[in-house]
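When a ligand or atom number is given, it counts from 1 through the structure's own listing order. Only heavy atoms go into these numbers, but all of them, side chains included; no hydrogens, no water, no symmetry mates. Heads up: numbering here begins at 1 and tracks the sequence. Quick caveat, the model's predicted, so the values are computed rather than measured.
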Amino acid sequence: MLFQRARLHGSVVDLRVEGGRIAGIGDLAALPGEEVVPGGLLTPTLAEPHVHLDAALLGAKKPNVSGTLREGIALWAELRAGLTRADVEARARRTLKMYAEWGAYRVRTHVDTACLPAAEALIGLKGEHPGLQVVAFPQEGILRHRGALERWGEVVAMGCDAVGAIPHFERTADEGWRSVRLAFDLAERHGIGVDLHCDETDDPGSRNLEVACAEALDRGVGARVVAGHCTALHSYPNPHAAKVVELVAEAGLLVVANPLDNVVLQGRYDGYPRRRGLTRVDELWRAGARVGIGHDSVVDPWYRLGTANLVDAAHMLVHVGHLTGEDEIRRAFRTLHTENHLPFGGPPPIREGAEADLLWWPVDDEIEVVRLRPRPRVVRGRGGPLPMEEVK
Ligand code: FE2
């Protein structure tokens, strides 16, 4: 097939796909019988750096009445007690299919280490979905419940891609900091990355991101570290926030904002005025820090909505983050196929000879993707992750 006069990386080009590979990019004439797709925008496929597939599609079972993170955690604890491996697998496959239909083939999921059937299901699914990564996530901390630390270590050893933690949920600030260091130690022992739920609170006293930065810098592993949420950064006093933003840039870790969840989960103790519950994306960008955008929840006890369309998350981010400048909207969309791929080793290349792993959008400007959120046409090469339609 031939994409004719499509926008790619700021230029207008023709791009031919043949035998699952990109056969040519340039000024190309259509061959006899070739399918021609005129105009539009070409990008790499998208990547999801932060979701919870074990809880996905359970949101209607136990609605979160208060809308708080704490009630979500309590509801999840009730739900997970009744989960089976087969149920988790079935919901994860359905959700992965939703992601694939919206152009995301690489998905990093957290799995609650207190739920062994969920860990078995999601780690098991990696065999049929090479784009799937699993983070061992202790939903209720590793230090506040007897046995949690051991179960966390066991799930990591089952074959996870990163070690998670939830330092702001531990009992004390000191135990939170200890949990961050334990996560780095465990990751080092297994030769894998760290992916924290970090300071997902409005409490300006929640100071775990700077500890993660210091650990990443001292151990020289910043490129393998992800800090999700980081909403407390929003509420830090500005001089302290400036120091932490600089540290994030220096450490080179990836901060993943989850605007769909956090705009509704945070600010619940505020009354009015009510904070937005989003990390400081504009300041992180200005400092040269790496920022990803996650969907986080797809119809689960924390967020009743969600479509697995990452452009929805970018759309929310530009609103809540005051990022409606033209370049900011474009950057928010680009994040989905650039920084979001960092936990997976970087975006799939669009160049001659590479496997054809790309999306075609029926618009000619990235801003229009965010405004209209159209469904992309997905082009998959040979030998890549299985098309989700083929997964039984
Ligand atoms: Fe999360």
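Every side chain to side chain contact (heavy atoms under 4.5 Å, CB included) that Glu368 has, sequence neighbours left out, goes to Val363, Asp365, Arg371, Leu372.
Looking at Asn262 and Thr231, their side chains never bring a donor and an acceptor atom within 3.5 Å of each other.
The two residues Glu48 and Gly294 make their nearest non-hydrogen contact at OE1-CA, 3.4 Å.
Among the atoms of Asp296, an N, O or S atom falls under 2.8 Å from the Fe ion (ligand 1). Taking backbone and side-chain atoms together, His52 has an N/O/S atom less than 2.8 Å away from the Fe ion (ligand 1).
Cluster partners of Val37, by chain and number: Met1, Phe3, Leu8, Val13, Leu15, Val17, Ile22, Ile25, Leu42, Ile350, Leu358, Trp360, Val379. The rule joins Ile, Leu, Val, Met, Phe, Trp and Tyr whenever side-chain heavy atoms lie under 4.5 Å apart.
Taking the Fe ion (ligand 1) as reference, His50 places its N/O/S atom NE2 nearest.
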